[in-house]
Amino acid sequence: MTLKQEIVGNAMQMAVVTLEPGRTVYCEAGKFLFKTTNVTMETRLGGQQQQQQGGGGGGGGGGGGMGGMLRQAMGTAMQVGQRALAGESLAFQYFTAQGGEGTVAFAGVLPGEMRALELNGTRAWFAEKDAFVAAESSVDFGIAFQGGRTGMKGGEGFVLEKFTGHGTVIIAGAGNFIDLNPADFGGRVEVDTGCVVAFEEGIQYGVQRVGGLNRQGVMNAVLGGEGLSLATLEGNGRVILQSLTIESLANALKKAQGGDKQGPTGGLFSTNAG
């Protein structure tokens with residue numbers, strides 16, 4: 001059954017979720033907004049699947065006993081280690097309705113849109129770092145590392161969030177969302193690396209240099225505001241882009257405060273948010 005949720009608001013949206021008794025959703029620490037009193041909240045390092053595998057009675061077989069506890073501990077350590085390397089929150093907050101329907105709400109951290117994605121177990125979704133807001137307990141959250149060359153050139157693309165399983169996952173981005181399919185544009189689109197929010201499994205993500213090592217290429221990189229690279233998205237599937245990048249928002253705020261160091265060159269010499 002699809003998760004009952006409503007995305008409300010305009011410039012700063014939030015997701016209001018109605019939970020049936022016993023149903024659980026989880027969010028990244030810091031994304032929780034409010035809940036009704038019959039919704040319990042629990043903070044965990046490990047995912048829902050890890051908790052289930054670690055449960056059960058004693059004995060050496062199955063998931064119980066010392067072997068099961070050790071496997072659970074190792075699995076949790078790997079999850080936490082991946083999230084630490086990716087710069088993600090180390091813990092998740094789990095919310096479960098008790099004794100009747102409950103309500104819990106979540107919000108992103110930047111002015112922009114939110115989107116509920118439905119997973120049917122056939123295709124995973126990949127999202128930019130920090131896009132994840134909340135998901136049903138039947139959705140598995142993981143970290144996908146891009147190849148070294150792509151990642152080092154792509155900035156935001158080095159670490160991706162990966163969602164698999166069945167159920168609803170809610171993501172957030174900055175500005176307005178733009179939905180497209182590269183197949184409708186000749187099979188390939190090139191975008192600012194900071195504009196990629198999420199894409200379906202089957203879409204090939206890469207990074208390419210802006211222009212060649214010539215006069216025009218240098219002009220694009222130094223004066224064009226895009227730096228040295230663009231993200232490329234190829235294939236047939238859904239892609240979600242955002243109209244506002246975190247770097248452009250940070251630079252606009254610094255400029256308004258009189259601290260902008262970007263100057264006329266933009267791009268290559270722009271001041272990144274620290």
Side-chain angles (χ1 to χ4, degrees), residues 3 5 7 12-19 22-56 63-64 68-98 102-110 112 114-117 119 124-146 156 158-174 197-198 246 273-274:
L3 184 69
Q5 53 79 29
I7 295 177
M12 188 73 183
Q13 293 188 323
M14 64 178 180
V16 181
V17 177
T18 300
L19 288 176
R23 200 161 189 178
T24 300
V25 296
Y26 65 98
C27 75
E28 188 176 43
K31 304 292 178 68
F32 164 70
L33 194 58
F34 70 85
K35 69 179 183 68
T36 53
T37 56
N38 68 316
V39 175
T40 63
M41 179 171 64
E42 180 183 2
T43 301
R44 304 177 191 165
L45 289 176
Q48 177 81 357
Q49 196 173 51
Q50 292 289 338
Q51 296 289 330
Q52 292 172 348
Q53 290 174 350
M69 293 175 61
L70 181 59
R71 284 192 295 272
Q72 179 191 1
M74 291 179 64
T76 299
M78 289 184 64
Q79 285 187 356
V80 173
Q82 281 188 333
R83 294 201 297 269
L85 286 173
E88 298 278 358
S89 170
L90 298 184
F92 292 124
Q93 292 176 304
Y94 284 76
F95 302 86
T96 305
Q98 303 284 356
T103 300
V104 59
F106 309 98
V109 295
L110 293 172
M114 301 180 74
R115 182 68 51 82
L117 306 175
L119 302 182
W125 271 88
F126 296 89
E128 69 163 344
K129 180 176 171 290
D130 296 328
F132 173 70
V133 175
E136 289 185 84
S137 58
S138 54
V139 173
D140 294 324
F141 176 101
I143 299 294
F145 293 94
Q146 288 291 316
E156 296 90 339
F158 180 64
V159 176
L160 295 173
E161 299 172 333
K162 182 179 181 180
F163 309 107
T164 56
H166 294 77
T168 304
V169 58
I170 300 170
I171 60 173
V197 178
I246 296 177

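All values reported here derive from a predicted model rather than from experimental measurement. Quick note: residue numbers are just sequence positions, from 1.
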Open item on the list: Restricting to side chain to side chain donor-acceptor pair (under 3.5 Å), what partner residues turn up for Arg23, sequence neighbours left out?
Closed with: Glu20, Glu136
TODO: List the atom of Val133, the atom of Ala172, and the distance in Å for their closest heavy-atom pair.
DONE: CG2-CB, 3.6 Å
TODO: Measure the CD1-CD distance between Ile171 and Glu128 for me, rounded to the nearest 0.5 Å.
DONE: 8.5 Å
- [ ] For side-chain contact (heavy atoms from CB on, under 4.5 Å), just list the numbers for Ile143 and Lys129, CA-CA rounded to whole Å, side-chain angles, deciding distance to a tenth of an Å, and then say yes or no.
- [x] CA-CA 9 Å; Ile143 299 294; Lys129 180 176 171 290; over 6 Å; no
TODO: Starting at NZ of Lys162, measure out to CG of Leu160 and round the result to the nearest 0.5 Å.
DONE: 10.5 Å
Task: For Thr43, side-chain contact (heavy atoms from CB on, under 4.5 Å) partners two or more places apart - done: Ala91, Gln93
Task: Reported NE2-to-CG distance for the pair His166 and Asp140, which is rounded to 0.5 angstrom - done: 11.0 Å
- [ ] Indicate yes or no: at least one non-hydrogen side-chain atom of Phe92 is less than 4.5 angstrom from one of Arg44.
- [x] no
- [ ] Determine whether Thr164 and Leu119 make a side-chain contact, defined as any pair of heavy atoms from C-beta on separated by less than 4.5 Å.
- [x] no
Open item on the list: Just so I know, are the side chains of Trp125 and Val169 near enough to count as touching, which here means a heavy-atom distance under 4.5 Å?
Closed with: no
Task: Between CZ on residue Phe106 and CE on residue Met14, distance to nearest 0.5 Å - done: 12.0 Å
Task: Heavy-atom pair with the smallest gap, counting every atom of Gly167 and Ser138 - done: CA-OG, 4.1 Å
Task: Side-chain touch Thr96/Leu19, heavy atoms, less than 4.5 angstrom - done: no
- [ ] Would you please name every residue forming a side chain to side chain donor-acceptor pair (under 3.5 Å) with Thr103, sequence neighbours left out?
- [x] none
Task: Inter-residue atom distance Leu3.CG - Thr18.OG1, 0.5 Å rounding - done: 8.5 Å
Task: Residues that Phe163 engages under ring-ring contact (aromatic ring centres under 6.0 Å, His included), provided they are two or more places apart - done: Phe132, Phe141
Task: Minimum heavy-atom distance Ile170-Ala15, with the two atoms named - done: CD1-CB, 3.8 Å
- [ ] Please list, chain by chain and in numerical order, all residues satisfying side-chain contact (heavy atoms from CB on, under 4.5 Å) with Gln13, sequence neighbours excluded.
- [x] Ile7, Glu113, Met114
Task: Sub-4.5 Å side-chain heavy-atom contact between Cys27 and Tyr94 - done: no
TODO: Would you give the length of the straight line joining atom OG1 of Thr36 to atom CD of Gln98, rounded to the nearest 0.5 angstrom?
DONE: 11.0 Å
Task: Note, Leu117 side chain near Thr168 side chain (heavy atom, < 4.5 Å) - done: no
